[in-house]
Each structure stands twice: as structure tokens, then as C-alpha cells.
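Here the structure comes first, spelled out in C-alpha cells, and everything after it is commentary.
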Amino acid sequence: MDAEKEIAKLRKELEHHSKLYYVYDAPVISDYEYDMLMQKLILLESEHPELITPDSPSQKVGGQPVAQFEEVRHQVPLESLTDVFSYEELLGFGDRMDSMIAGKHEYVVEPKIDGLSMSLEYENGVFVRGATRGNGLIGENVTENLKTVRSLPLHIENAPERLVVRGEVYMSKEVFRKLNEQREINGEALLANPRNAAAGSMRQLDPKVAASRKLDIICFNMQYTSGEPYETHTQTLDAMKEMGFPVVPYKKFDNIKDCIERIEWLGENRESLAYDMDGAVIKINSLNQREALGSTAKAPRWATAFKYPPEKKESKVLDIVVQVGRTGVLTPKVIVEPVRLAGTTVSAATLHNQDNIDRLDLRIGDTVLLQKAGEIIPEVLSVNKSKRPADSVPFAMPDICPECGSPVVRDVDGAALRCTSPECPAQRLRNIAHFASREAMDIEGLGISVCESLINSGLVKTAADIYYLKSEDIARLDRMGDKSAKNLITAIENSKEAGLSRLLCAFGIRQVGQKAAKVLAGRFENLDRLMEADVEELTKIPDIGDITAGFIVEWFENPQSQHLIKMLRLAGVSFESKEEKKDDRFAGLTFVLTGTLSLYTRDEASAIIESYGGKASSSVSKKTSYVLAGENAGSKLTKAESLGIKIISEAEFSELIK
């Protein structure tokens, strides 16, 4: 087989299918078939690394992390738009165009995607640089992160020598929903909206993190081309689409009044779009007319953005119910008489917490004013107290979990109430998925979807039930078979010897993550000894404070925790510590790791430090003993130098552990 020819063939095939999927929305192969082609390409390129090129589809997995983003001066400024908030203002824009443009002129209406604006540079058809908008003149170089965007072509056919395109990076509503679901399962803070999620992803120093966020892009302007000039904006959009760019949908009109119908249609149908939009953009189509109109100091004269006003409506409160989320947080929700709002029927809205209910003085039977926050989540803006029933009473959150009856506790910051039970049905999926996760019991093949199938089938109700599964039961689940079932049973059996630190992390005790679990496992030889410890004994351990110690004791005292431990013991799960301390040469020393290490991963280096009695910290302070610096070390190295802390290389670290 000629590897070079096969690689070229696979690249062309993958680019073709990407174009069909992202540009024309007409895929002819399944996602699985596409993934198999990609894996074949990655395998071939790994065997022939000399044939890897920057524009290969395989490079979307992300390159090496960067220390910081360098500045980029835009060849053509990325201007912002002047907003209008009513049709009267929009008609005023049309009147100005009529007075400033002699003769006929056309308008183009496009949805205004709520994302992050980018400049994309191509040389001889190859994507060479991408930058954020920044202040319009200078942005940040985020090329490596942009390479991970699924719908961005890294190579285009029949391209001019130089091409600069402007686009909007966004996170689709579906990807955003799934990302927040996963973050909720992991106990992480939820992302506010898709726009913020996309912006945060683009600013990740590690492109692999950006790649995991599954971002997309829509292009809406050709900033510069060295090829043949175009006469109209719509010609440039059609040309970009032909090149393989996902292009913003548009409609062309002869006068400003006709634009309004399209703007209304976009507003009414925005819920059906894959992306969030916060308005509609109206542009002059002729490029020559645009040039003649020019720009003000802030924005082009030839375009404006119509912003949809947030729709607000009144409705009556039928009930206030309390839901238990996958992280155990109790969240009040108001049930209202159904009302049409921003394109959807709203029958419920979040109230966040008791503090918010008290602020609104919200009661069952009240008439409330509703609005969609960020066009996604319905929220209560205010209460119309003039319509309040005479017999209404204030609402108070329960002091026991409505799902399982266990006591609830208020978070340290006082904002949320949380169920204390590890076997609460509402938390079941999150707890079991976390128990099996890589940082916990590391049960390969037991991901979120398989956990969900096991729970829905009734095979698993608690984490302990995992160890009582039978191969034939698993094989009957959707997308499973005999081989997958046997592999999963083997992984479950192997996890029984994971050791105390992983088990403690798997329990999901508040404030006991991987690091605290290792510290505890290093101090106690087994789970039974740890269960005997009181708050006073626990607080004597480095890194275990009063609050964490209280959470640990409280968790072990819970009857449902005791039942979980009993079932794990009967299943043969090891409760013994496997933390091996070699000696105490690093006792009392704190290390901070920074930059890219070549001899060890950060986890490996941290484990070595802890095995010699030391502590691996994430931040530099006066208490830091050593900073282990790899390549491209950033602000931590600078701070260490300013504090006079000893900085060591990997070679010096290797000498210390000989």
C-alpha cells in the first residue's frame, strides 16, 4: 500500500463528507462511518508522521498547549454594528440609506448569531491563522483552538492566494445542554449560556479542552481576497459556501419594509435554529455602495443590527415544587398557567433558591411577570401584588429531601440546600457515573450512557449494585452485546482492587476529591479505621479542615452510606489502602508544577511527590518549597521568581527522587 496516496485519499474523502454535513446539511454516511474513516487516517499518520500536514482533518484533535495568546493586528478591522430596537428605528436606517445612495440598492437580512467573532486567514487554501475580534483592530491568536472547530475547513479548494473570512464561533444548543448535563453529574458549576461557553472554550490554553467542547462556526463576511473582486455581498457568501465554509443563511430584498417580514420570521422561528441568535443583521448588498458609505468611528454606515425586545407576559402561579438535582441541590420551581413566550409555551420557571423567593415575596396563587433569560430559561421578574389572593401564605423550603426523606444541609455559602444521602434516587445517575469514573473506581466501559441504561432497566439502583451485575443482563441492554458485557464485567471485577483512595473519591463525599482521598488513604490503613475517626482526629491531617472533617463524619453516619458500604463489603470490594509511601524525604515540602513536562505527566509527578511525603499544590505562595518548571512555564514561574522560590528542572527533580 502506498501510504502517501492512501492518506491523501482519506483526507479528501473526509473533507468531502465534512462539507456535505456542515455546509449542505446533507450527509450521506453515518457519524460512526465518518469516525472510522478518521481513525484510519490517524492510524496511518501515526505510522508515517513525516506525512502529517497542518491542514489534515486529523489535526482537529488539538495541538500542544500554549503559555499565552499572542496579539494579532487585523488586516481589515472587525467592526461592530449599531443596534436598533424598534421597526421605527429600522425604517429610519432605511431612510438614511435612501438619502445617501443614488439609485437602486438591495438589502440582505441575516440572523445575528450569538457567539464569538473571529478572523480566519488562509494562504494558498490552507488555514494559517485565526484571531478573536478583540478591540476590532487587535485580537488574540487562537489558531490552535480554532483548528479544533468541527465545521471550520483547514483546507479549501480553488482558493485565492490570500483570503480573510469573518465568522462567528458558537456552541449549539444541543451540545450546550449535554455539556451542562455532564458538568452537573461531575458536580461542576453550570455554564450560563452557549455564548459564554463558546468564548470560554476559545480561551483555553490547551486545544484539547477546546476540542472536547464541540464548537461550530458560521461565516458571514469575506474580509479580504487577493482573487477576482466581487460586486455584491451575496456573491461572496455563495463563493464561501462553494469553498466549503458554513455560511449564514440570508434573504435579499429591494426595500427596507420588506426586510421586516423576514426579521419577524427569524424571531418567531429562532427556537428551531441550532444556535442562539440575539437579533437580525440588515446590510447593503453592493460592495461598491458599502465602500462609498464608509464607517463612523464606531461602526459601518451600511449595516445595522435589529435586537429583539425580551418578551414578557403575566401568568398565574399554580404551585411551587421542589426538585432535587443530580448534585443533590434542592431547587424550587414555579408552575404557572401555560403562556406563549419567545416562541415556546412556558408552564414552569426556575426560582433558584429560598433567597430569591424571599426577595420576590412569591406565593402560590400570585400573578407573576415572566421573561426568558438569554432566550433560554424562563424566569420570574416580579410579582403583581395587587392581584394577590387574600389567603396566600409565604413559601418555605423543606428541611428534608422530598425524594428520599434524608436531612438537607445548607451550603457553606448559604445559597443552596443539599440532600445528604448517597442513595437518593434523584442523584442516582450522577452518583453512579461518578463512582465508575476514571478518577474514582475507573471502570472502563461504564460511561454515562451505559449507567443510564442500567438504571432505566432497573438493574442498578446504587453504586454497590454494579458489583452484582451479570453478563447476560448487561448483554440485553441497547447497544450492548456478549463481548461488551463480558468486558464490562471484567472491568468491574478488576475495580474491586482499586484501593481506598479511589473508593473514597468514588463515594462523592463533599470536598473529598482525588487529592483529599489520597491524603486520607495515606493516613488510614483501611476504610474501617477511617470510619472510627472523629472530627478532631481528622482535622490533624494536613489539608483536612474543620468543614471537610465534618462532611466526612456526617457522610459515614448516614444510614444509607452504611448500607452502601455493607453491600460493597459483601461484594468483595477492597477497603485497604494501597498508598505506598517510600520515605519522608519531601515531608513538609510543597511543590508547584508549571509548564509542559516531558518526562512525567502532572499526575505522575504529583503522585511521586506525595509518595515521598510531600504536597503538590496548584498555586505559588510563600509556603511553596519548589517550583518544578517545564517548557512554556507561565505566570506561576514569574511569581516564583519574584518570591525567590527555588525553581528546579525535570532533570533536577529526577535527581531528588533517585
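Note that the coordinates shown come from a computational prediction; the quantities given were computed from them, not determined experimentally. In this chain, residues are counted from 1 in sequence order.
- Between Gln289 and Met97 there is no side-chain heavy-atom pair separated by less than 4.5 Å.
- Counted by atom type alone, Ser201 and Arg213 present one or more donor-acceptor pairs between their side chains at under 3.5 Å.
- Interatomic distance, CG of Asn285 versus NE2 of His233, reported as 7.0 Å (0.5 Å rounding).
- Note: Asn288 CG to Thr232 OG1 = 10.0 Å, rounded to the nearest 0.5 Å.
- To the nearest 0.5 Å, the span separating CG on Leu78 from CD1 on Ile138 amounts to 12.5 Å.
- In terms of heavy-atom proximity, Leu163 sits nearest to Pro160 at CB-CG, 4.0 Å.
- Val248 is not listed as a side-chain neighbour of Cys219, based on a closest heavy-atom distance of 4.5 Å or more.
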Ile645 vs Lys639, test: side-chain contact (heavy atoms from CB on, under 4.5 Å). Steps then yes/no.
CA-CA 9 Å; Ile645 294 166; Lys639 185 173 181 180; over 6 Å; no

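- Ring-plane geometry between Tyr122 and Phe127 is classed as tilted, the angle between the planes lying from 30 to 60 degrees on a 0 to 90 degree scale.
- The aromatic ring centroids of Tyr250 and Phe220 lie 6.0 Å or more from each other.
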List the steps, then state whether side chain to side chain donor-acceptor pair (under 3.5 Å) holds for Ser226 with Arg162.
CA-CA 5 Å; Ser226 63; Arg162 180 164 175 77; over 6 Å; no

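- In this structure, CG on Leu381 lies 7.5 Å from CG on Leu370, to the nearest 0.5 angstrom.
- Summarising the geometry of Pro300 relative to Ser80, their closest heavy-atom pair is CD-O, 3.2 Å, with the distance given to 0.1 Å.
- Val247 has its side chain out of reach of Asp238: every pair of non-hydrogen atoms, C-beta onward, lies at least 4.5 Å apart.
- If you look at Phe176 and Tyr170, their ring centroids are not closer than 6.0 Å.
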CA sep, side-chain torsions, deciding dist, call: Ser295, Glu79, side chain to side chain donor-acceptor pair (under 3.5 Å)
CA-CA 9 Å; Ser295 300; Glu79 296 178 306; 2.9 Å; yes

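- A salt bridge links Arg150 with Asp216; the closest basic N to acidic carboxylate O contact falls under 4.0 Å.
- For Glu4, the CD atom counts as loosely surrounded, since its 6.0 Å shell holds 12 or fewer non-hydrogen atoms of other residues, nucleotides or ligands.
- Judged by distance alone, the side chains of Glu6 and His48 never bring a donor and an acceptor atom under 3.5 Å apart.
- A donor-acceptor pair under 3.5 Å is absent between the side-chain atoms of His74 and the main chain of Ser119, judged by distance alone.
- Minimum interatomic distance between Gln223 and Val165 (heavy atoms only, all atoms of both residues): CG-C, 4.2 Å.
- Counting only heavy atoms from C-beta outward, the side chains of Val76 and Val164 never approach each other to under 4.5 Å.
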Evaluate Val149 against Met202 for side-chain contact (heavy atoms from CB on, under 4.5 Å), listing each step before the verdict.
CA-CA 10 Å; Val149 174; Met202 272 293 105; 3.9 Å; yes

Worked verdict on Asn158 versus Met243 for side-chain contact (heavy atoms from CB on, under 4.5 Å)
CA-CA 7 Å; Asn158 304 317; Met243 291 177 194; over 6 Å; no

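- In this structure a side-chain-to-backbone donor-acceptor pair under 3.5 Å is missing from Asp114 to Arg195.
- The backbone N or O of Ile218 lies less than 3.5 Å from no partner atom in the side chain of Glu168, so there is not a single donor-acceptor pair.
- Residues Met118 and Leu120 meet the side-chain proximity criterion, which asks for heavy atoms closer than 4.5 Å.
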Assess whether side-chain contact (heavy atoms from CB on, under 4.5 Å) is satisfied between Leu628 and Thr594, documenting all intermediate values.
CA-CA 6 Å; Leu628 172 55; Thr594 183; over 6 Å; no

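- Side-chain contact between Ile284 and Arg301 is absent, with no heavy-atom pair separated by less than 4.5 Å.
- Counting heavy atoms of neighbouring residues, nucleotides and ligands inside a 6.0 Å radius, atom NZ of Lys257 does not exceed 12 of them.
- A side-chain donor-acceptor contact under 3.5 Å links Asn356 to the backbone of Leu351.
- At least one side-chain heavy atom of Leu179 sits under 4.5 Å from a side-chain heavy atom of Met171.
- Of all heavy-atom pairs between Thr82 and Ala299, the closest is OG1-CB, 3.6 Å.
- When atom types are taken as modelled, the side chain of Lys313 and the backbone of Arg340 share a donor-acceptor pair closer than 3.5 angstrom.
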Step by step, would you call Tyr87 with Phe306 a ring pair (Phe, Tyr, Trp, His ring centres under 6.0 Å)?
CA-CA 8 Å; Tyr87 292 134; Phe306 178 88; 4.9 Å; yes

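- Inter-residue side-chain proximity for Arg359 and Asp355 is flagged as unmet; no heavy-atom pair is nearer than 4.5 Å.
- Annotation: the span from Asn145 atom CG to Leu152 atom CG amounts to 12.0 Å, rounded to 0.5 Å.
- A salt bridge does not link Glu15 with Lys12: none of the charged nitrogens is closer than 4.0 Å to a carboxylate oxygen.
- Shown here is Glu231, whose CD atom has no more than 12 heavy atoms of other residues, nucleotides or ligands within 6.0 Å.
- The two residues Ala349 and Val380 make their nearest non-hydrogen contact at CB-CG2, 4.3 Å.
- Nearest heavy-atom pair across Ser151 and Ile217 is OG-N, 3.0 Å.
- Counted by atom type alone, His105 and Asn255 present zero donor-acceptor pairs between their side chains at under 3.5 Å.
- Annotation: cation-pi pair Arg270/Tyr308 present, NZ/CZ under 6.0 Å from the ring centroid and within 45° of its normal.
- Note that OG1 of Thr225 and CD of Glu161 are 10.0 Å apart. Values are rounded to the nearest 0.5 Å.
- A salt bridge links Arg11 with Glu45: at least one charged nitrogen is closer than 4.0 Å to a carboxylate oxygen.
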